[in-house]
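Report on the structure given below.
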Amino acid sequence: MAADLLDIRDLTLHYGSSQILNGVSISAREGEVTCVMGTNGVGKTSLLKAISGTHPHSGGDYLLEGETIGRTAAHALAQKGVAYVPQGREIFPFLTVRENLETGFACLPRAERFISDDIFELFPILKEFLSRRGGDLSGGQQQQLAIARALITRPKLLLLDEPTEGIQPNIIKHIGEVIKALRDRGDMAIVLVEQFLDFAYDLGDRFLVLERGAATLRGTKSEISLARLQKAVSV
């Protein structure tokens with residue numbers, strides 16, 4: 001069996017004197033989606049920030065492709081293949097779609113600084129809107145742009161924080177299809193934070209439920225039924 005691309009054990013994270021994550025362990029494997037679930041304020045976004053280097057973790061073991069990751073900055077983790085699509089998307093409203101995509105070039109060697117045709121196969125609307133400003137896109141189009149910008153970096157580990165939030169149903173369906181396509185390529189591990197239960201269960205291969213910064217349930221889809229997952233996240 002293939003080794004986990006991401007292997008985190010007993011992770012802790014603090015904001016000042018407040019402990020947000022308490023001994024959380026999570027793993028992610030290429031060709032799989034690991035879903036992180038729980039109600040608001042339990043530490044899901046903080047976990048992604050720790051994995052991406054956006055907020056340094058306080059303790060625990062963090063291995064990426066078997067390499068120990070200490071308090072490594074976000075840009076250095078991006079160069080190692082970690083891409084983060086934050087909640088709220090955080091695109092640049094006054095830059096065009098093309099310019100937003102090109103901001104992903106920063107962590108790539110010069111020879112790899114181009115927009116692959118794969119991006120437009122996954123998100124055809126972006127090719128049509130290349131010259132449109134990011135702020136003029138709908139929320140669903142901005143979400144597609146945010147995911148595409150992350151994919152520009154050719155990540156090994158893709159972190160998605162609530163990509164369905166505030167998005168119209170047809171684009172939720174499309175984003176689900178994109179996540180499945182990326183998973184099925186088999187060269188990327190995906191960690192998905194999601195509160196839309198049916199969406200998450202359909203996509204997920206493994207599940208981690210957080211409550212008050214600690215894991216209360218973990219396992220594979222074969223080990224966790226939809227009813228059990230629903231009960232765990234509704235506590």
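The figures here come from the full heavy-atom set of this structure, side chains too, leaving out hydrogens, waters and symmetry mates.
Between Leu208 and Leu217, every side-chain heavy-atom pair lies at or beyond the 4.5 Å cut-off. Side-chain contact between Val85 and Asp161 is absent, with no heavy atoms from C-beta onward closer than 4.5 Å. A heavy-atom distance below 4.5 Å is not found between the side chains of Pro163 and Arg89.
Cluster annotation: Phe196 is not connected to Leu48 through the hydrophobic network of ILVMFWY side chains, with a link wherever side-chain heavy atoms come within less than 4.5 Å. Linking ILVMFWY residues whenever their side-chain heavy atoms come closer than 4.5 Å, directly or via other members, leaves Leu63 and Leu11 in distinct clusters. In this structure, Val193 is not a member of the same hydrophobic cluster as Ile171, with clusters built from ILVMFWY side-chain heavy atoms closer than 4.5 Å. Under the 4.5 Å side-chain heavy-atom criterion for ILVMFWY residues, no single connected hydrophobic cluster contains both Leu47 and Phe207. Following chains of ILVMFWY side-chain contacts shorter than 4.5 Å, one can reach Leu108 starting from Ile119, so the two form part of one hydrophobic cluster.
Within the 3.5 Å criterion, the main-chain N or O of Pro56 finds no donor-acceptor partner in the side chain of Lys49. Put simply, the side chain of Ser234 gets close to the backbone of Lys231: a donor and an acceptor are under 3.5 Å apart. Remark: the backbone N or O of His14 is paired with a side-chain donor or acceptor of Ser58 at under 3.5 angstrom. Remark: side-chain polar atoms of Thr12 are not paired, donor with acceptor, to backbone N or O of Leu21 under 3.5 angstrom.
Here the OG1 atom belonging to Thr45 is positioned 4.5 Å from the CD atom belonging to Gln87, to the nearest 0.5 angstrom. Once rounded to the nearest 0.5 Å, the distance linking CG of Leu192 with SG of Cys35 reads 4.5 Å. The structure places CD1 of Ile115 at 6.5 Å from CG of Leu130, a figure rounded to the nearest 0.5 Å. Atom CZ of Arg113 and atom CZ of Phe105 lie 8.5 Å apart (nearest 0.5 Å). Of the inter-residue distances, the one linking Cys107 atom SG with Glu112 atom CD reads 9.5 Å to the nearest 0.5 angstrom. Rounding to the nearest 0.5 Å places CZ of Phe123 at 12.0 Å from CD of Glu121.
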Could you list the donor-acceptor pairs under 3.5 angstrom formed by side chains in residues 198-206, with sequence neighbours left out?
{"unit_1": "Tyr201", "atom_1": "OH", "unit_2": "Ile224", "atom_2": "O", "d": "2.7"}
{"unit_1": "Tyr201", "atom_1": "OH", "unit_2": "Leu226", "atom_2": "N", "d": "3.4"}
{"unit_1": "Asp202", "atom_1": "OD2", "unit_2": "Lys180", "atom_2": "NZ", "d": "3.1"}
{"unit_1": "Asp205", "atom_1": "OD2", "unit_2": "Val33", "atom_2": "N", "d": "2.7"}
{"unit_1": "Arg206", "atom_1": "NE", "unit_2": "Glu32", "atom_2": "OE1", "d": "2.8"}
{"unit_1": "Arg206", "atom_1": "NH1", "unit_2": "Ser27", "atom_2": "OG", "d": "2.5"}
{"unit_1": "Arg206", "atom_1": "NH2", "unit_2": "Asp4", "atom_2": "OD1", "d": "3.0"}
{"unit_1": "Arg206", "atom_1": "NH2", "unit_2": "Glu32", "atom_2": "OE1", "d": "3.4"}

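Heavy-atom minimum distance, Ala148 versus Leu126: CB-CD1, 3.5 Å. Heavy-atom minimum distance, Leu157 versus Ala28: CD1-CB, 4.4 Å. In terms of heavy atoms, Leu13 sits closest to Ala50 at CD1-CB, 3.6 Å. Nearest heavy atom pair, residue Val209 against residue Ala232, reads CG1-O, 3.8 Å. Annotation for Ile91 and Gly135: closest pair CD1-N, 4.4 Å, computed over non-hydrogen atoms. Across every non-hydrogen atom of Leu160 and Ile190, the tightest pair is CD1-CG2, 4.1 Å.
Contacts of Arg9 classified as salt bridge (charged side-chain N to carboxylate O under 4.0 Å, His left out), with partners at least two apart in sequence or in another chain: Asp7. In this view, Phe94 satisfies the ring pair (Phe, Tyr, Trp, His ring centres under 6.0 Å) rule with no residue, not counting sequence neighbours. Scanning for side-chain hydrogen bond (donor to acceptor under 3.5 Å, both in side chains) contacts around Glu223 gives Thr220, with sequence neighbours left out.
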Checklist entry - Where do Asp61 and Thr68 land on the side chain to side chain contact (heavy atoms under 4.5 Å, CB included) test, with the steps shown first? => result CA-CA 7 Å; Asp61 298 318; Thr68 298; over 6 Å; no

Checklist entry - Between Leu229 and Met37, is a side chain to side chain contact (heavy atoms under 4.5 Å, CB included) present by the stated rule, with each step listed? => result CA-CA 9 Å; Leu229 185 64; Met37 307 187 72; 3.7 Å; yes

Checklist entry - Passes side chain to side chain contact (heavy atoms under 4.5 Å, CB included), Leu151 versus Leu158? Steps please. => result CA-CA 8 Å; Leu151 295 177; Leu158 178 63; 4.2 Å; yes

Item to check | Verdict with supporting geometry, Glu30 and Met188, side chain to side chain contact (heavy atoms under 4.5 Å, CB included) | outcome: CA-CA 5 Å; Glu30 290 174 325; Met188 181 188 304; 6.0 Å; no

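For residues 74-88, the set of pairs meeting the salt bridge (Lys or Arg N to Asp or Glu O under 4.0 Å) definition, not counting sequence neighbours, comprises Glu67-Lys80. Screening residues 125-145 for ring pair (Phe, Tyr, Trp, His ring centres under 6.0 Å), with sequence neighbours left out, gives no hits. Judged as a ring pair (Phe, Tyr, Trp, His ring centres under 6.0 Å), the pairs with a partner in residues 37-85 (not counting sequence neighbours) are, in order, Tyr15-His55, His57-Tyr62. Within the structure, ring pair (Phe, Tyr, Trp, His ring centres under 6.0 Å) pairs that include any residue of residues 130-158 do not occur (at least two apart or interchain). Note on residues 96-111: pairs passing side-chain hydrogen bond (donor to acceptor under 3.5 Å, both in side chains), not counting sequence neighbours, are Thr96-Glu99. Applying the salt bridge (Lys or Arg N to Asp or Glu O under 4.0 Å) rule to pairs touching residues 184-194 yields Arg185-Asp187, sequence neighbours excluded. Listed by first then second residue, pairs satisfying side-chain hydrogen bond (donor to acceptor under 3.5 Å, both in side chains) with a partner in residues 136-159 read Glu65-Lys156, Ser138-Gln141, not counting sequence neighbours. Among residue pairs with one or both ends in residues 166-178, none qualify as side-chain hydrogen bond (donor to acceptor under 3.5 Å, both in side chains); sequence neighbours excluded.
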